[in-house]
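Only one structure is covered here, and it is reproduced in the block below.
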Amino acid sequence: MPTFIQALAPYLPLSADVTALLVLLVAVPLFIAYTVRAMRGRGPAVRPIATYERLERLVNQAAESGRPLHVALGTGTLGEPDTAETLAGLTALDFVARRAAVWGQPVVASTGDGATLPAAQGLWREGLEEAGYPEQYGASALHFYGPAPLAYSAGASALGARREAAGTLLLGRFGVEGLWLSEAEAGAEQARLGGTAQPDAAALLATSLDDAVHGEEVFAAGAYLHRPSHLGSLATEDALRVLVVVAILGGVVLASLGWLG
């Protein structure tokens with residue numbers, strides 16, 4: 001055992017390319033296994049997040065009332081550092097759009113990014129096609145209000161009021177203007193859910209929304225709503241964290257015994 005470790009010592013620490021390859025070789029099988037289990041209804045247990053649980057109930061209530069649910073995707077742009085937040089919002093929109101399509105209900109969404117708009121339109125069209133109602137597709141249900149944060153918030157808030165939305169989901173990249181949009185959407189019968197990964201905006205939204213997510217909870221939307229692959233990815237990340245901790249502890253022990261030189 002010591003001889004084997006000493007033979008590997010010259011190659012430690014590993015180069016970035018070798019490390020990435022090893023992580024990939026470990027992560028891919030784990031991801032496939034966890035995703036398959038999730039597709040069979042045997043996914044890993046996840047802690048409850050009130051925002052996503054309430055969103056599922058809100059979608060059902062919107063269908064019963066015949067009023068749309070407004071999904072505000074924020075001003076995040078695809079292909080930029082805030083892509084992950086934008087994709088989280090699109091994932092939530094996909095969930096809402098598919099449910100609305102099955103029940104023949106309208107959907108309303110807004111974005112401040114021109115590249116996100118066709119992505120949202122594609123999700124809405126796909127949901128209708130899977131539900132068997134492709135003729136109900138209308139691009140006018142999805143709105144683009146420009147990249148300026150204040151302009152977007154003004155347009156999105158007016159949209160929710162004009163369409164008499166049953167509730168609003170703010171999920172994506174929001175700055176401090178998210179508080180304005182959230183407060184503008186306030187109403188006695190209108191629930192407000194969502195959040196953002198931006199620390200300054202997340203703190204403001206937490207004081208205004210009925211239920212809020214922040215940080216990594218934003219990126220877990222798909223795992224909590226409807227995508228087995230996202231649940232598999234979430235489980236894989238947790239498994240990799242455990243492996244990293246074990247590797248660090250093992251390295252400390254081996255170094256303490258003098259086996260790593």
Side-chain angles (χ1 to χ4, degrees), residues 43-76 82 84-100 103 105-112 120 123 149 152-153 156-157 159-161 163-227 230-231 233-234:
V46 293
R47 66 179 178 86
I49 295 182
T51 300
Y52 297 131
E53 292 180 346
R54 186 167 180 177
L55 175 60
E56 294 193 51
R57 297 195 300 269
L58 183 58
V59 171
N60 296 334
Q61 293 169 4
E64 293 175 358
S65 65
R67 298 162 59 191
L69 180 64
H70 176 204
V71 181
L73 300 173
T75 56
D82 50 12
E85 294 170 83
T86 305
L87 290 177
L90 286 171
T91 299
L93 172 62
D94 186 33
F95 169 76
V96 173
R98 289 176 186 273
R99 291 287 188 91
W103 294 323
Q105 297 295 329
V107 64
V108 175
S110 60
T111 178
L123 293 175
Y152 166 72
S153 295
S157 61
L159 172 65
R163 296 296 299 272
E164 298 182 347
T168 300
L169 173 68
L170 293 83
L171 196 67
R173 167 60 70 94
F174 289 94
V176 294
E177 78 283 349
L179 179 63
W180 179 21
L181 175 57
S182 175
E183 287 298 316
E185 297 281 4
E189 299 180 356
Q190 186 170 352
R192 294 164 297 157
L193 311 174
T196 182
Q198 302 304 306
D200 53 348
L204 294 174
L205 288 177
T207 65
S208 177
L209 298 175
D210 299 320
D211 280 301
V213 291
H214 52 82
E216 292 185 349
E217 294 177 344
V218 173
F219 308 124
Y224 278 82
L225 295 177
H226 68 304
R227 291 190 176 180
H230 286 214
L231 188 58
S233 175
L234 192 66

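Values in this document were obtained by computation on a predicted structure and should not be read as measured data.
- Not one N or O on the side chain of Tyr224 forms a donor-acceptor pair closer than 3.5 Å with the backbone of Glu53.
- Ala50 and Asp211 get closest at one heavy-atom pair: CB-OD1, 3.9 Å.
- A donor-acceptor contact shorter than 3.5 Å is absent between the side chain of Glu217 and the backbone of Gly215.
- Rounding to the nearest 0.5 Å gives a distance of 9.5 Å between CG of Leu170 and CG of Leu73.
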Could you go through the side-chain contact (heavy atoms from CB on, under 4.5 Å) check for Glu183 and Arg192 one step at a time?
CA-CA 9 Å; Glu183 287 298 316; Arg192 294 164 297 157; 3.9 Å; yes
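- When all heavy atoms of Ala166 and Ala62 are compared, the pair lying nearest together is CB-CB, 4.0 Å.
- Of all heavy-atom pairs spanning Asp210 and Arg54, the tightest one is CB-NH1, 3.4 Å.
- Counted within 6.0 Å of CD on Glu164, heavy atoms from surrounding residues, nucleotides or ligands total 12 or fewer; the atom is thus considered open.
- Here Arg99 contributes atom CZ and Leu55 contributes atom CG; the two are 8.5 Å apart, rounded to the nearest 0.5 Å.
- When all heavy atoms of Gln198 and Glu85 are compared, the closest pair comes out as NE2-OE2, 2.9 Å.
- Among the candidates Val218, Val213, Leu209, the single residue satisfying the side chain to side chain contact (heavy atoms under 4.5 Å, CB included) test with Thr51 is Val213.
- Side chain of Thr207 to backbone of Leu204: a donor-acceptor contact under 3.5 angstrom is found.
- Summarising the geometry of Ala197 relative to Phe219, their closest heavy-atom pair is CB-CZ, 3.8 Å, with the distance given to 0.1 Å.
- No side-chain heavy atom of Pro68 sits under 4.5 Å from any side-chain heavy atom of Val107.
- Residues Phe174 and Trp180 are not in side-chain contact: their nearest non-hydrogen atoms beyond the backbone lie 4.5 Å or more apart.
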Applying side-chain contact (heavy atoms from CB on, under 4.5 Å), run through Phe95 and Val59 and close with a yes or a no.
CA-CA 9 Å; Phe95 169 76; Val59 171; 4.0 Å; yes
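- Taking every heavy atom of both residues into account, Ser157 and Leu181 meet most closely at N-CD1, 3.5 Å.
- In this structure, CG on Leu123 lies 6.0 Å from CG on Leu90, to the nearest 0.5 angstrom.
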Check step by step if side-chain contact (heavy atoms from CB on, under 4.5 Å) holds for Leu69 and Gln61.
CA-CA 10 Å; Leu69 180 64; Gln61 293 169 4; over 6 Å; no
Evaluate Thr111 against Thr86 for side-chain contact (heavy atoms from CB on, under 4.5 Å), listing each step before the verdict.
CA-CA 9 Å; Thr111 178; Thr86 305; over 6 Å; no
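- Within the model, atoms CG of Leu205 and CG of Asp200 stand 9.5 Å from one another, a figure rounded to the nearest 0.5 Å.
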